[in-house]
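The next block holds one structure in the form of structure tokens; read it before the comments.
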Amino acid sequence: MPRAARIDIPGLLQHVIVRGIERRPIYLDDHDREDFLTRLSSLLQETEAICYAWVLLDNHFHLLVKPKTYTLASLMRRLLSGYAVTFNHRHNRSGHLFQNRYKSIVCDENPYLLELIRYIHLNPIRAGIIKAFECLPDYPWSGHRELLGKSPFRLIDTAFVLSLFDQRHDIAQARYTDFLADGLESPKGVKLSRGGKRVSRALNSSLSEEIVYDDRILGGGRFVEKLVAKEVVLSGNPEKAFDDLIRQVAEYFGVSTEELRLPWKTPLIVQAKAVICHVAVRCLGIKGVDAGKRLGYSPSAVSHAARKGAKLLNEDRRLAEVLNQTEKL
């Protein structure tokens, strides 16, 4: 049975798990790990993705990330392919390094963000690499050390993560550490390396009740329903979604859809086209050449405009809400 397509919409929290082919090691020494993290750090900055947690183990890694202006697939493709080429060359090997398909789980941010951070950063202990919690800050290949200010790597939005515990930096670090320690004592709950939390539509369950379930999603029933509905809109009929996008943007900027087809360079037209290019290419999966035909742009102009559009959406919260490109669904 074919596997379902990933849900890959910018603005969603994603728990990513990547394993070596046949569970073989993907890092043979510290040079490999440093190269991998340097690549990841650069790509996070370039794509404006937000990282909340990460950990490298011998044959796999975990990453908790929220892509903002690019899809997760574009980030992971560049990360994994670039690292694999260098790894193979350096170790005089050939062939695949990673499993063909990395695992990504879309997560409801409100109930699961902190739990996922804890789950990921406790992995070295659960894997038996670190024997005691007190030794966890000494493990160099985890975002835990970064949150404590002891790592040379800068992947995580540490200011935001620590602000979830306290506004005072030192107290936030202490409370974060206590939170992690509590995770070792508490009984196991939902398996955070899996999606598909089953939640009923109604409070009073019955045998005939329909169950909201999707193994690509970790979240409650309403979150699952809304996310799946949005996925259908984006993937089921991209041309219709593109038409709706053009109409919504035209209305927001107070221009006509016909004007957006003309090679005019008035500020409003340029801004509207930039937003359309970004959402169409990065979110709807429309090819740049096809978007260009609708907007009177060359493919290179579409790419340039998309970058401007991403910046406009980040700066204009109301516009993002109108286009339903907000972080929360």
Which atom names give the shortest non-hydrogen contact between C107 and H15, and what distance separates them?
SG-CB, 3.9 Å

Using side-chain heavy atoms (C-beta onward) and a distance below 4.5 Å, is D316 in contact with V275?
no

Is there a donor-acceptor pair closer than 3.5 Å between any side-chain N or O of N88 and the backbone N or O of G95?
yes

Could you tell me whether a side-chain N or O of Q14 sits under 3.5 Å from a main-chain N or O of I7, the two making a donor and an acceptor?
yes

Nearest 0.5 Å, what's the CG-CG distance between D157 and L162?
9.5 Å

Between R90 and D29 (salt bridge meaning N to carboxylate O under 4.0 Å), is one present in this structure?
yes

D290/R294 ion pair, N-O < 4.0 Å:
no

Roughly how far apart are I276 CD1 and Q248 CD, rounded to 0.5 Å?
10.0 Å

Note, Y70 side chain near L75 side chain (heavy atom, < 4.5 Å):
no

Are there more than 12 heavy atoms of other residues, nucleotides or ligands under 6.0 Å from atom NE2 of H304?
no

Provide the closest heavy-atom pair for V65 versus L44 in the form atom of the first, atom of the second, distance.
CG2-CD2, 3.9 Å

Has the side chain of T177 got a donor or acceptor atom that lies under 3.5 Å from a matching backbone atom of Q173?
yes

Decide yes or no on side chain to side chain contact (heavy atoms under 4.5 Å, CB included) for L64 and Y119, but give the supporting numbers first.
CA-CA 10 Å; L64 186 62; Y119 171 82; over 6 Å; no

Is R23 salt-bridged to D58, cutoff N-O under 4.0 Å?
no

Does any part of the side chain of T257, heavy atoms only, come nearer than 4.5 Å to the side chain of D243, both counted from C-beta?
no

Any side-chain heavy atom of L245 within less than 4.5 Å of one from I286?
no

Return yes if some donor-acceptor pair links the side-chain N/O of S41 with the main-chain N/O of L37 below 3.5 Å, else return no.
no

Hydrophobic cluster membership, V270 vs L319, 4.5 Å side-chain cutoff:
no

Quick check: is L164 connected to L122 through a chain of hydrophobic side chains (ILVMFWY, heavy atoms under 4.5 Å apart)?
yes

Residue of the set F87, W141, F61 for which side chain to side chain contact (heavy atoms under 4.5 Å, CB included) holds with Y27
F61

Walk me through whether R216 and V106 qualify under side chain to side chain contact (heavy atoms under 4.5 Å, CB included).
CA-CA 6 Å; R216 302 168 297 170; V106 177; 5.9 Å; no

A side-chain contact here means heavy atoms from C-beta on lying under 4.5 Å apart; do L116 and Y52 qualify?
no

Please check: side-chain N/O of S142 versus main-chain N/O of R145, any donor-acceptor pairing under 3.5 Å?
no

Should L313 and H278 count as side-chain neighbours, where that means a heavy-atom distance under 4.5 Å?
yes

Output for pair (I129 CD1, C135 SG), nearest 0.5 Å, gives 13.0 Å

Starting at NE2 of H96, measure out to CZ of R24 and round the result to the nearest 0.5 Å.
11.5 Å

Without swapping roles, check the side chain of Q271 against the backbone of L312 for a donor-acceptor pair under 3.5 Å.
no

Taking atom CG of L180 and atom CG of L147, what is their separation to the nearest 0.5 Å?
9.0 Å

Verify the distance criterion only: is there a donor paired with an acceptor across the side chains of R39 and T86 at less than 3.5 Å?
yes

Single-linkage hydrophobic cluster, 4.5 Å side-chain cutoff, L268 and Y252 together
yes

In this structure, would M76 and I21 fall into the same cluster of hydrophobic residues linked by side-chain contacts under 4.5 Å?
no

If you take all heavy atoms of I120 and V55, which pair is closest and at what distance?
O-CG1, 3.5 Å

At their closest point, which heavy atom of L262 faces which heavy atom of K273, and how far apart are they?
O-NZ, 2.7 Å

Out of F179, Y176, Y139, which residue meets the ring-ring contact (aromatic ring centres under 6.0 Å, His included) rule with H144?
Y176

Using side-chain heavy atoms (C-beta onward) and a distance below 4.5 Å, is L136 in contact with P124?
yes

Mind checking the NZ-CD spacing from K68 to E48? Nearest 0.5 Å is all I need.
9.0 Å

Sidechain N-carboxylate O distance under 4.0 Å for E115, R118
yes

Considering non-hydrogen atoms only, spot the tightest contact between S256 and A250 and give its length.
C-CB, 4.2 Å

Test: R175 and D178 ion pair at under 4.0 Å:
no

List the atom of I217, the atom of I105, and the distance in Å for their closest heavy-atom pair.
C-CG2, 4.2 Å

Please work out which of the three classes, parallel, tilted or perpendicular, describes the rings of Y83 and F36, given edges at 30° and 60°.
perpendicular

Using modelled atom types and a 3.5 Å cut-off, is there a donor and acceptor pairing between side-chain atoms of D8 and backbone atoms of L72?
yes

Is there a path from L79 to L28 through hydrophobic residues (I, L, V, M, F, W, Y) whose side chains come within less than 4.5 Å of each other?
yes

Do the non-hydrogen side-chain atoms of V302 and L295 ever get within less than 4.5 Å of each other?
no

Tell me, with the steps shown, if V249 and V279 meet side chain to side chain contact (heavy atoms under 4.5 Å, CB included).
CA-CA 10 Å; V249 173; V279 178; over 6 Å; no

